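Note that the structure is a prediction, hence the values are computed from the model and not measured. Order of the sequence lines fixes the chain letters, A, B, ..., with proteins taken first and strands second; residue numbering starts at 1 for each chain.
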There are 2 protein chains.
Amino acid sequence: MGVRKARAAETEAALKEAALRQFAERGYLNTKITDITAAAGRATGSFYDHFASKDALLQALLADLHGKAHDRLAGQEHPPHDLTDPDQLHEHLAVAWHLMRGNRPVMIALFEQAMAAGPGAGRLWQRLTEDTQVLREHLEHLRESGRPLPGDPELVAAAMGAMLSMLAYALPGEDPGRSDDEVVGILARLLLHGLAGPDSTPAG
Amino acid sequence: MGVRKARAAETEAALKEAALRQFAERGYLNTKITDITAAAGRATGSFYDHFASKDALLQALLADLHGKAHDRLAGQEHPPHDLTDPDQLHEHLAVAWHLMRGNRPVMIALFEQAMAAGPGAGRLWQRLTEDTQVLREHLEHLRESGRPLPGDPELVAAAMGAMLSMLAYALPGEDPGRSDDEVVGILARLLLHGLAGPDSTPAG
DNA sequence: GTCTATATACAGATAGAC
DNA sequence: GTCTATCTGTATATAGAC
């Protein structure tokens, strides 16, 4: 790779990193193109040599994320989980939570983008159902095994996804008093046995 | 009240109603002042004879809602609930759900407004904790009674509120195949006994 | 108070020199 | 490819006639 291309790639990377920082601080909607270029130390016009629009930049960031995820998940098995097993539910939630929290800027951007389209567009509902597809399949598998689910797997999965994604968005970024593990543990217990807890039906 | 004032009040009411319709259809952020005035059959300039801004209009709509709620709740008792009682949890969720769904336009607007401020502003987290304050108090009461909660009442309450509000926002407005009662029932079962269901610990 | 017409502000996007 | 300078589109808000 030539030095010119290298400098260009450097600028593109700087813009991406700056965008991620800005999204996390100000949110996607509030972040202007000039905020990104200023934070990256570039001129406004340079942005459009690399991305056609703010939306295109977000798609590029999402592609990067998919690439990373593919690298990490490549070759891994994905066995059908029994979500009524405490360890397996906890593991499932932990993976989802860390995925969302570890890529918070992109999650924030996608969330705000879907929301800005308005409720009529149904894009938030679409995200919710798509992102919880695996979860839904596990629930359907449980139901087919004769387990008594609280209700329609699609809605239950969406409800769990709603809880997760909303919390991942709204919870303050750096909360010294509340660790990720603590949050995951609480959600796992709530979703496994509910408010009544595991000892609610001693009579069986 | 004179005829002039009456006509003015009529216009103000028309603007409010039009705004509610527009918020439900296009969302708050997407709705322009001109969308509201056009839907109300008035001129653009008339808007500012009644509201200083779109934000001021939303505050007025919120005030209307508070007034209605006050009228309905006036004189009602608010006893401490035992949320591990199926009927009481169901009732609590049903009230919250119908409050949100029955005033969907305003909920939508507040949600989008809080989100547009970005995550750094913490306004979504603020809404989440404020709106679930009563819930948190009930959970704290349970904990003081020695009941084993899944975790910190504030976070559990926020998680439940996150699930509720996100679903109330994202679920399609007119879903012929899924009634409010069905949704509330499913959420109540999920939050009471979790995915494991009531029969998970036959040994006590 | 309501209207038409217009001003203000600003973000997105482009043009052209280097 | 990067820069400075500028254009365009659009939403908010105001001015002034009726």
Side-chain angles (χ1 to χ4, degrees), chain A residues 1-23 25-61 108-109 112-113 115-118 120-121, chain B residues 1-23 25-61 108-109 112-113 115-118 120-121:
Chain A
M1 182 184 289
V3 58
R4 290 177 62 91
K5 271 191 177 174
R7 284 190 63 85
E10 206 172 298
T11 293
E12 187 169 313
L15 288 172
K16 282 180 177 176
E17 285 166 25
L20 292 176
R21 264 181 288 130
Q22 296 293 310
F23 291 169
E25 288 173 19
R26 323 157 85 95
Y28 176 74
L29 300 173
N30 263 333
T31 297
K32 316 304 172 194
I33 307 284
T34 51
D35 293 330
I36 297 172
T37 52
R42 314 289 156 138
T44 307
S46 291
F47 180 89
Y48 295 94
D49 288 321
H50 298 273
F51 309 101
S53 63
K54 195 166 67 167
D55 183 86
L57 164 62
L58 177 55
Q59 297 310 316
L61 291 173
I108 286 168
E112 292 188 12
Q113 191 188 41
M115 164 156 279
Chain B
M1 183 184 288
V3 56
R4 291 178 62 91
K5 270 191 178 173
R7 285 189 63 85
E10 207 173 295
T11 293
E12 187 170 314
L15 289 171
K16 281 180 178 176
E17 284 166 26
L20 292 177
R21 263 181 290 130
Q22 295 294 310
F23 291 169
E25 286 172 22
R26 323 157 84 93
Y28 176 74
L29 299 173
N30 262 336
T31 297
K32 315 307 171 193
I33 307 284
T34 51
D35 293 329
I36 298 172
T37 52
R42 315 287 155 140
T44 308
S46 292
F47 180 89
Y48 295 95
D49 288 323
H50 299 274
F51 309 102
S53 63
K54 194 166 68 166
D55 183 87
L57 164 62
L58 177 55
Q59 296 311 316
L61 291 173
I108 286 169
E112 292 188 11
Q113 189 188 42
M115 165 156 279

What's the [atom1]-[atom2] distance between [X] and [N], to the nearest Å?
X       : N      : atom1 : atom2 : value
A/Asp55 : C/dA11 : CG    : C1'   : 15 Å
A/Arg7  : C/dC18 : CZ    : P     : 19 Å
B/Phe47 : D/dA11 : CZ    : C1'   : 12 Å
B/Gln22 : D/dA11 : CD    : C1'   : 15 Å
B/Phe51 : D/dA13 : CZ    : P     : 14 Å
B/Asp49 : D/dG16 : CG    : C1'   : 12 Å

Of the options [options], whose atoms approach the side-chain atoms of [X] most closely?
X       : options              : answer
B/His50 : C/dT2, C/dC3, D/dT12 : C/dT2
B/Tyr48 : C/dT2, D/dA13, D/dC3 : D/dA13
B/Ala43 : D/dA13, C/dT4, D/dG1 : C/dT4

Partners meeting side-chain hydrogen bond (donor to acceptor under 3.5 Å, both in side chains) with A/Ser46 (sequence neighbours left out):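 Once residues adjacent in sequence are excluded, A/Ser46 has no partner under the side-chain hydrogen bond (donor to acceptor under 3.5 Å, both in side chains) criterion.
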All side-chain hydrogen bond (donor to acceptor under 3.5 Å, both in side chains) counterparts of A/Asp55, not counting sequence neighbours: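 Testing A/Asp55 for side-chain hydrogen bond (donor to acceptor under 3.5 Å, both in side chains), a comparison that skips the adjacent residues, returns A/Gln113.
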Salt bridge (Lys or Arg N to Asp or Glu O under 4.0 Å): pairs with one or both residues in residues 8-20 of chain A, sequence neighbours excluded: A/Glu12-A/Lys16, A/Lys16-A/Asp64
Any A/Thr11 side-chain nitrogen or oxygen under 4.0 Å from OP1 or OP2 of D/dT2: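 Affirmative; the distance criterion is met.
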Any residue meeting side chain to side chain contact (heavy atoms under 4.5 Å, CB included) with A/Ala52, in chain and number order, not counting sequence neighbours: A/Ala56
Residue-level proximity of residues 26-42 of chain B to DNA chain D when a heavy atom falls under 4.0 Å: B/Lys32, B/Ile33
Nearest heavy-atom neighbours spanning B/Ala14 and B/Arg42: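 Scanning both residues completely, I find the closest heavy atoms to be CB-NH2, 4.0 Å.
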Tabulate below the donor-acceptor pairs under 3.5 Å that side-chain atoms of residues 28-38 of chain A make, not counting sequence neighbours, or state none.
unit_1  : atom_1 : unit_2   : atom_2 : d
A/Asn30 : ND2    : B/Ala116 : O      : 2.8
A/Asn30 : ND2    : B/Ala117 : O      : 3.3
A/Thr31 : OG1    : A/Gln22  : O      : 3.4
A/Thr31 : OG1    : A/Gly27  : O      : 2.6
A/Lys32 : NZ     : A/Leu29  : O      : 3.3
A/Asp35 : OD2    : A/Arg26  : NE     : 3.4
A/Asp35 : OD2    : A/Lys32  : N      : 2.9
A/Thr37 : OG1    : A/Ile33  : O      : 3.3
A/Thr37 : OG1    : A/Thr34  : O      : 3.1

